[in-house]
Amino acid sequence: MNLILHVWRQKNADAPGRMVRYEARDINPHMSFLEMLDVVNQGLIDKGEEPIAYDHDCHEGICGMCGFMINGVAHGPERGTTVCQLHMRHFKDGDELYLEPWRSRAFPVIKDLAVDRSAFDRIIAAGGYISVRTGNAPEAGSILVPKEKAELSMDAAACIGCGACVAMCPNGSAALFTGAKISHLGLLPQGQPERDRRAIAMVVQMTKEGFGHCTNVGECEAVCPKRIKIEVIARMHRDYLRAALVGD
Amino acid sequence: MSESLRNDGRIWVPKRKGDTRAPGEIPVDERDYFLERKYPAFGNLVPRDVASRNAKAVCDEGRGVGPSGYGVYLDFRSALQRLGRAVIDERYGNLFEMYADITGEDPYTAPMRIYPASHYTMGGLWVDYNLMSTVPGLYVIGEANFSDHGANRLGASALMQGLADGYFILPNTIGDYLATTQFEKIETTHAAFRSVEAEVAANTRRLLEIQGTRSVDSFHRELGKLVWEHCGMGRTAEGLKQALAKIPELREQYWKDVRVLGDGDEFNQSLEKAGRVGDFFELAELMCRDALERNESCGGHFREECQTPEGEALRNDAEYSYVSAWEFRGAGNAPALNKEPLEFEYVHPSQRSYK
């Protein structure tokens, strides 16, 4: 199959960017989107042009490195999928696709389709951890976790921090990401000691980074490759409110 | 796909070569559940090196499935009948979804097609008992070190080692090092810093100035294929010697003909990749050298010359009961072999049998 790509090319954060038209020829429909880009890049290198920069790592949809907008949708048209797991069979021969980097004030473009998501790291550093005694194994039965709580926590922990939620949100909000991290730890007994402090610190950091506020649009849930539910945002608000009112 | 799927999936190929019928149309008595047949005690749960070698063997015989012939079926039909879809969903839902994404096929109705692939490298950087490398103060934790896994890897060993090193060992050892060591303030004007900085800058310049004709990826693929063929699931002295002759040639070509575009002053993924692939040549050569030196079969290291009459790995503990710690002596120089004897007090290695 053959496709026409319009790709955002931007040399670095300070340089102006623009859309550039490329042709992707002889694409095997079993290729992933990133493999298709590799074919395009090989053609560019052969012509002596710099390849398109994009982030990627595991190619299994579990690391959170890849992601860009395809025709205005984060990670492209398939639900619950990262671009590395999006396959070309979902497109038609002759399709014209517009590829853009995540757009958010808090995610400056590094180059082409690669953006700087270190704002997420700083939100995690602000409170996304638990204190636990290391060095020896605790008695296995000493902390009991109800099955439903374990499942809910695991669902939230599935967040890979790719940033699609932010990119798709009209407010550029990181509420789904932060809510997932707060839920993941706050639902478990091991996460209780810092629960109040965590909710406040992570929400404050999220705001400081320049992410917008959540107005319950729900675009984040729609594009999340891990199908994180917006109930994590409600849980984040509850934890924040509780901590602000009665926390220590 | 994850190895955990073998807990409930059954692996088979058609009994007859060139059987191109859809899997559902092949009656049970015309299927070869080769792992269950050969290893009745362990069946589909034999270790990954045994499962991989056998999958490769049936494909080499011409009984592989799928358009390429490089595939065996991983069939959940009986597990779905026995346990129901809800249980399978709970155990493997994410993996089934991943398979459907990749192949466009529904693994709930048709068996998965799988084939062994290289995943991690076994072994790793040498560390002492406290996980410190040969560089004082440089600790190597998790899978990057050699400590917990040797000639074979087991499911979830990445997670296991991350937890064991991070949770149990480092809290005791790294703190001790920091508490008992005096640190002087080091400025970036320090001679050692300057010399490494110059080295990195020179390497970057060198890669950018080659301006050859071939992309980094094309070299990476060629090197990968060489290692896959000669230092993969089955190895022979002859094949390893061939690889050891070809890798330096390819490396030489790499440093003459690689094309890295862009510059070294900003984000440049081709340059980053070029540095890594440059290192892979050293690693690939070392792996082949080590595999050639170890004239026995042991875990995932299967020397075709060393097998039992049934075709299983034949170990030689009298001569090879040691860890091969290869000492880097500069690019282009042969590394030195340091043998660290393996001493077993309670459980002794023996010929494995999964029959």
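In what follows, every chain begins at residue 1, and chains take the letters A, B, ... in the order their sequences are listed.
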Chain A contact via Asp101(B) - side chain, backbone, both or neither, heavy atoms under 4.5 Å: both
Look up atom CG in Asn41(A) and atom CG in Asp217(B), then write down how far apart they are to the nearest 0.5 Å. 8.5 Å
Does a salt bridge link Arg79(A) with Glu97(B), judged by any charged N lying under 4.0 Å from a carboxylate O? no
Could you look at Glu90(B) and say if it's the side chain, the backbone, both or neither that has a heavy atom under 4.5 Å from chain A? side chain
Out of Ser218(B), Gly262(B), Gly166(B), which one racks up the most heavy-atom pairs below 4.5 Å with chain A? Gly262(B)
Just give me the residue among Ser32(A), Gly48(A), Gly80(A) that pairs up with chain B most often, heavy atom to heavy atom, under 4.5 Å. Gly48(A)
Residue from Glu60(A), Arg133(A), His87(A) scoring the most non-hydrogen pairs under 4.5 Å with chain B is His87(A)
Between Gln42(A) and Ser215(B) (side chain of the first, backbone of the second, donor and acceptor by atom type, cut-off under 3.5 Å), is there such a pair? no
Max heavy-atom pairs within cutoff under 4.5 Å with chain B, candidates Asp38(A), Ile62(A), Ile110(A), goes to Ile110(A)
For Pro51(A) and Leu261(B), which heavy atoms make the closest approach, and how far apart are they? CD-CD1, 4.4 Å
Determine whether Lys111(A) and Gln269(B) make a side-chain contact, defined as any pair of heavy atoms from C-beta on separated by less than 4.5 Å. no
Of the listed residues (Asn172(B), Ile102(B), Asn94(B)), which shares the most heavy-atom pairs with chain A below a 4.5 Å separation? Ile102(B)
To the nearest 0.5 Å, how far apart are CG in Asn12(A) and CZ in Phe267(B)? 11.5 Å
Does this structure show an ion pair linking Asp46(A) with Arg214(B), if we count only N-O contacts that are shorter than 4.0 Å? no
